[in-house]
Amino acid sequence: MRIAVFGLGYVGTVTAAGLASRGHEVCGVDVDEVKVALVRQGRSPVVEPGLDDLVDAGVASGVLTATTDAAQALEGADVSLLCVGTPSTPHGSTDLAYLRRALDDIRAALEVARPPESGFHAVVVRSTVPPGTGDEVVAPTFTDVPAGWQIGTAMCPEFLREGSGVADFFDPPFVVLGSGDARVRDVLARLFAFLGREPREVDVRSAEALKYACNAFHATKVSFANEMGRVFRAYGVDAREVMRIFCEDTVLNISPAYLQPGFAFGGSCLPKDLRSLLHMARANDLDVPLLVGTLRSNELVVRDVLDRIVASPARSVAMLGLSFKSDTDDLRESPNVELAERLLGKGFEVRIYDPIVNPQRLTGANLRYVEARLPHLGRLLAATPEDALDGSDTAIVATSEPAVVAALRAALPPRVIDLSGRLGVDVERIAGYEGLGWTA
Ligand SMILES: NC(=O)c1ccc[n+]([C@@H]2O[C@H](COP(=O)([O-])OP(=O)(O)OC[C@H]3O[C@@H](n4cnc5c(N)ncnc54)[C@H](O)[C@@H]3O)[C@@H](O)[C@H]2O)c1
């Protein structure tokens with residue numbers, strides 16, 4: 001394929017040289033003449049292990065060229081890959097000026113450049129851009145193009161890390177193709193086929209969002225480990241050893257566990273032990289803002305659901321699932337109990353169904369907790385999900401138990417707030433469905 005790569009920085013140079021090494025004809029474009037000149041001399045404008053050799057080999061064999069002229073790069077090109085910078089503005093928003101300029105350069109180049117034989121050209125963003133950029137900035141640039149050109153757009157995020165950019169380019173965690181255009185997805189699937197990864201085809205916004213989720217998670221991991229280190233050092237603990245063993249747990253720690261958006265955490269251990277850790281930090285005058293923020297963030301989840309219900313005309317609520325997770329009757333610090341308590345306090349009619357919770361069988365700390373929070377639990381409990389849903393205008397669903405899903409399907413309450421995230425498309429299709437971190 002003939003490929004134009006816009007931006008000869010870390011991402012662009014690695015991408016250009018990497019694709020050239022796979023036999024594609026690649027032309028790098030940059031507004032910086034010095035970078036263009038360096039590439040033409042077979043040298044990388046950025047320092048990355050192995051990149052000088054890759055650029056040199058591409059230029060020597062004639063498959064890698066560079067220019068400041070977008071029209072020259074677009075000549076007969078099948079794909080444009082946008083790898084320009086997207087820095088922060090002073091307010092923290094993403095500065096899309098370089099991206100807009102590169103898009104305008106491509107649009108102007110279409111007026112003079114010769115289209116590829118197929119007539120189809122894919123404009124693909126590899127820069128990190130906020131969700132909505134593809135729909136609101138990229139696609140509208142090409143609503144009206146010169147005769148002979150057909151343009152499709154996509155987001156294909158890049159996951160390389162500086163310092164191991166070349167190695168990462170050839171061994172990415174995944175290939176993500178975000179486009180509503182099957183022709184672009186096909187071009188990209190062929191372009192990146194050499195990586196041997198089954199491409200993840202998603203919508204543009206998900207592809208844009210994914211990169212932020214990845215980087216935010218990596219940053220959070222660093223701060224988490226550092227906060228553990230800060231607290232444990234005060235207790236004479238070697239946090240490196242703790243975290244080494246911590247990482248050996250690939251079931252709960254280094255795993256997909258707890259990484260789906262949904263409702264708040266609760267139960268008899270997580271809130272208690274987090275509070276205890278915060279106390280240890282305070283006792284030693286240590287700041288642990290991430291851990292402090294974790295409790296605060298959890299409270300916000302409960303408040304968000306409450307606010308949604310209070311702001312609606314709802315008056316009668318069915319809560320399906322009361323314990324903090326399925327298959328336990330432990331109600332201690334269940335955020336669902338807290339939600340029920342607050343709804344009752346605000347005068348809502350609340351009916352509760354939980355397949356496991358039986359007030360006659362609750363004992364000890366569990367019983368004391370419920371008696372303090374929901375003293376009339378026995379009267380609120382319905383024997384079946386159908387009974388709980390009967391006459392209710394809102395269902396708050398914290399379980400994906402089959403009986404609950406079946407009852408929801410049959411009753412179709414006007415509004416379903418899904419705390420479980422696992423109800424399935426038949427429930428998600430109803431008009432009043434609301435997820436917490438997703439839309440149906
Ligand atoms: N650096 C990384 O490790 C990394 C990894 C993945 C994704 N990203 C993302 O990729 C994007 C690029 O990052 P980078 O580190 O390669 O940036 P960079 O600053 O190293 O390079 C950007 C290049 O774009 C050029 N440029 C600006 N406007 C242009 C235009 N109109 N036409 C052509 N070239 C133009 C600049 O001159 C510069 O050489 C950013 O969105 C970044 O967030 C970076």
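Treat the numbers as computed from the prediction; the structure is a model and nothing was measured. Values below: every heavy atom of this structure, side chains too, minus hydrogens, waters and symmetry copies. Each ligand, and each atom within it, is numbered from 1 in the order the structure gives.
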* For Y433, does its backbone N or O pair with a side-chain atom of R415 as donor and acceptor, under 3.5 Å? ->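 Checked: no pair found.
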Show the atom names and distances, to 0.1 Å, of all donor-acceptor pairs under 3.5 Å that link a side chain in residues 5-15 to residues at least two apart or in another chain.
from : atom 1 : to  : atom 2 : distance (Å)
T13  : OG1    : L8  : O      : 3.0
T13  : OG1    : G9  : O      : 2.8
T15  : OG1    : V11 : O      : 2.6

Any Lys/Arg nitrogen of [X] or [Y] sitting under 4.0 Å from an Asp/Glu carboxylate oxygen of the other?
| X | Y | result |
| --- | --- | --- |
| R205 | E136 | yes |
| R244 | E248 | no |
| D168 | R161 | yes |
| K272 | E333 | no |
| D95 | R100 | no |
| D304 | R308 | yes |

Does any N or O of ligand 1 fall below 3.5 Å from an N or O anywhere on [X], backbone included?
| X | result |
| --- | --- |
| D32 | no |
| T128 | yes |
| K35 | yes |
| R161 | no |
| G12 | no |

Specify the protein heavy atom at minimum distance from [atom]: its residue, its atom name, and the distance to 0.1 Å.
| atom | value |
| --- | --- |
| atom 1 (N) of ligand 1 | E162 OE2, 2.8 Å |
| atom 21 (O) of ligand 1 | G9 CA, 3.2 Å |
| atom 27 (C) of ligand 1 | Y98 CD2, 3.7 Å |
| atom 31 (N) of ligand 1 | R101 CG, 3.2 Å |
| atom 16 (O) of ligand 1 | V11 N, 2.8 Å |
| atom 32 (N) of ligand 1 | V31 CG1, 3.8 Å |
| atom 6 (C) of ligand 1 | E158 O, 3.2 Å |

Which atoms of ligand 1 sit under 4.0 Å from any heavy atom of [X]?
| X | value |
| --- | --- |
| D105 | 31 (N) |
| G85 | 22 (C), 24 (O) |
| A102 | 31 (N) |
| G7 | 23 (C), 24 (O), 25 (C), 33 (C), 34 (N) |

* Is it the case that D181 and S179 place a side-chain donor and acceptor less than 3.5 Å from each other? ->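 No, because no side-chain N or O of D181 sits under 3.5 Å from a partner of the opposite role on S179.
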* Is a side-chain donor-acceptor pair under 3.5 Å present for D273 with S276? ->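 Not at all, the side chains of S276 and D273 share no donor-acceptor pair under 3.5 Å.
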* Audit row: E338, R342, salt bridge (Lys or Arg N to Asp or Glu O under 4.0 Å) steps and yes/no -> CA-CA 6 Å; E338 190 178 333; R342 293 210 213 167; 2.5 Å; yes
Who gets closest to [atom] by heavy atom: [options]?
| atom | options | value |
| --- | --- | --- |
| atom 11 (C) of ligand 1 | V84, I106, T68, T86 | V84 |
| atom 15 (O) of ligand 1 | Y10, F159, F169 | Y10 |
| atom 25 (C) of ligand 1 | D30, V36, L99 | D30 |

* Asked: For ligand 1, which part of C83 has a heavy atom less than 4.0 Å away: the side chain, the backbone, both, or neither?
  ->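 Under 4.0 Å from ligand 1, C83 contributes backbone atoms alone.
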* To do: Could you tell me whether L160 approaches ligand 1 through its side chain, its backbone, both or neither, with non-hydrogen atoms closer than 4.0 Å?
  => both
* To do: Determine which pairs satisfy ring pair (Phe, Tyr, Trp, His ring centres under 6.0 Å) with at least one residue from residues 126-160, sequence neighbours left out, and list them in order.
  => H121-W149, F159-F174
* Show your working on salt bridge (Lys or Arg N to Asp or Glu O under 4.0 Å) between D105 and R101 and close with a plain yes or no. => CA-CA 6 Å; D105 290 347; R101 159 86 193 273; 3.4 Å; yes
